[in-house]
Amino acid sequence: MKLPGRTPILVELSKSEYNALESESDSKRISMTVIVRSLIREHLMKEDLVGSIFPSLSKRFIKWSDEENHQSLVVHLGDDEHKFLMDYAATKNESMTHVVRNLIRKYIMNVKDLPQLDN
């Protein structure tokens with residue numbers, strides 16, 4: 001389902017990435033979608049999300065993956081965020097999932113990025 005002004009993306013996360021994002025969500029009491037959108041805006045788009053978080057809160061959708069070590073998350077990005085992320089991933093020759101996973105790893109988990117070949 002496409003929400004007005006939102007484009008959903010499915011991101012496959014490792015169990016540790018998902019748990020770190022979930023923990024961050026619980027501690028800040030905001031949805032995982034808002035956290036991912038904030039990471040994209042703050043660290044990729046270089047914009048301040050503070051003024052736009054509250055009017056654009058999205059419902060959190062969680063889908064469990066078939067693989068035991070992976071979990072999936074559907075994030076409803078703003079159409080402008082989706083276009084930016086798609087263009088950014090293309091210029092880096094990476095998938096959007098790879099970019100989002102690296103944001104979570106770097107800014108939430110404080111661990112190194114995934115290797116380039118792990119798309």
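No experiment lies behind these values; they were computed from the predicted model shown. Keep in mind that the numbers below use all heavy atoms, side chains included, and drop hydrogens, waters and symmetry copies.
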Under the side-chain hydrogen bond (donor to acceptor under 3.5 Å, both in side chains) rule, collect the residues that match up with S14, sequence neighbours excluded.
-> S16, E17
Partners meeting side chain to side chain contact (heavy atoms under 4.5 Å, CB included) with S23 (sequence neighbours left out) = none
Any side-chain heavy atom of L85 sitting closer than 4.5 Å to one from I9?
-> yes
Residue of the set L103, V100, L39 for which side-chain contact (heavy atoms from CB on, under 4.5 Å) holds with L44 | L103
Check whether any side-chain heavy atom of M32 lies under 4.5 Å from a side-chain heavy atom of Y18, and answer yes or no.
-> yes
One should read off an interatomic distance between T7 OG1 and D79 CG, to the nearest 0.5 angstrom, of 3.5 Å
Does R105 reach the main-chain N or O of K112 with its side chain, forming a donor-acceptor pair under 3.5 Å?
-> yes
Output for pair (N102 CG, Y107 OH), nearest 0.5 Å, gives 10.0 Å
Residues passing the side chain to side chain contact (heavy atoms under 4.5 Å, CB included) test with K28, sequence neighbours excluded, are E24, I30
Begin from the C-alpha positions of V36 and L21 and carry the test side-chain contact (heavy atoms from CB on, under 4.5 Å) through to its verdict.
-> CA-CA 9 Å; V36 171; L21 184 60; 4.0 Å; yes
Sub-4.5 Å side-chain heavy-atom contact between R101 and M96 = no
All heavy atoms of D80 vs all of R41, minimum pair found to be OD2-NH2, 3.0 Å
Minimal heavy-atom distance between H76 and T33, with the atoms involved, is O-CG2, 3.7 Å
Starting at OH of Y88, measure out to CE of M45 and round the result to the nearest 0.5 Å.
-> 12.0 Å
To the nearest 0.5 Å, atom CD of E22 lies from atom CG of L73 at 10.0 Å
Does some side-chain heavy atom of L114 sit less than 4.5 Å from a side-chain heavy atom of H98?
-> yes
To the nearest 0.5 Å, what is the distance between NE2 (H82) and CZ (R37)?
-> 12.5 Å
In short, salt bridge (charged side-chain N to carboxylate O under 4.0 Å, His left out) pairs touching residues 82-92 with sequence neighbours left out are K83-D87
On a heavy-atom basis, the closest approach of A20 and I108 is O-CG2, 3.7 Å
Does a side-chain heavy-atom distance below 4.5 Å link V99 with T97?
-> no
